[in-house]
Amino acid sequence: MSARILIIEDEERIRQFLQRGLSFDGYRVDVAADGQAGLELARENPPDLVLLDIMLPGMDGLEVCRRIRTASEVPILMLTAKETVEDRVRGLDAGADDYLVKPFAFDELVARIRALLRRAAPAKPQVYRFGDLELDTGTRQGRRGGRTFDLTAKEYELLELFMHHPRQVLTREIIFDRVWEYDFGGESNIIEVYVRYLRQKTEVGDLPRLIHTVRGIGYVLREDE
Ligand code: CA
């Protein structure tokens, strides 16, 4: 069963960004736009992790955090636009486990979420496979055609996204959300550039293409038709 994540965030754009990305990644997601609604949801459907914005209307995130802590040890990841040491200390004092400053990249958020969930329930590194392509989450290397290749951080994240969603068309919007910051300009050709890097590494020796372009939409990991 996938982990249940409760998002308490008043800013609609960010709430939807988080909900869309985390649902797409297979988490069960509950959302609340203020602290009171968040506390009620946490009681009704106890989450495995809470994403908690500090600046909320009415009861602020620090108070929400303290109240959750009176009843639960659930991991709490604080989100905030503030970044002073004092704010950070106050968040951790209130019982938060980790702290992420806006704006953040979605992949960093997911890495923090995985780390917090792992701390609660340790998991082993795994190897994703699609056809003859492998991706090792421990060494962060790929392997195909009897040859192991290294990946830069962004190449790894992009390939991991494809491996998590085989045969599923990934829109440019989803790829931007997941691999680059959510404010990243959509006009850039950075996705094309990184897909080209991945093709160079996965198609050595004329191996058939796995990462296909879906014109006008995005990309898909699939075997040749
Ligand atoms: Ca806010």
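Remember, it's 1-based here, ligands and their atoms both numbered in the order they're listed.
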Next item on the list: Dump the intermediate steps for salt bridge (Lys or Arg N to Asp or Glu O under 4.0 Å) on K201 and D150, then the final yes or no.
Entry: CA-CA 9 Å; K201 293 188 175 185; D150 291 326; over 6 Å; no
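Expressed to the nearest 0.5 Å, how far OG1 of T202 lies from CD of E155 amounts to 10.5 Å.
Taking backbone and side-chain atoms together, T80 has no N/O/S atom less than 3.0 Å away from the Ca ion (ligand 1).
Contact check on R4 versus D30 returns a salt bridge, with a Lys/Arg side-chain nitrogen under 4.0 Å from an Asp/Glu carboxylate oxygen.
In D53, the N, O or S atom that comes nearest to the Ca ion (ligand 1) is OD2. Nearest to the Ca ion (ligand 1), among the N, O or S atoms that D10 has, is OD1.
Using a 4.5 Å cut-off on side-chain heavy atoms (C-beta onward), L135 and L151 make contact.
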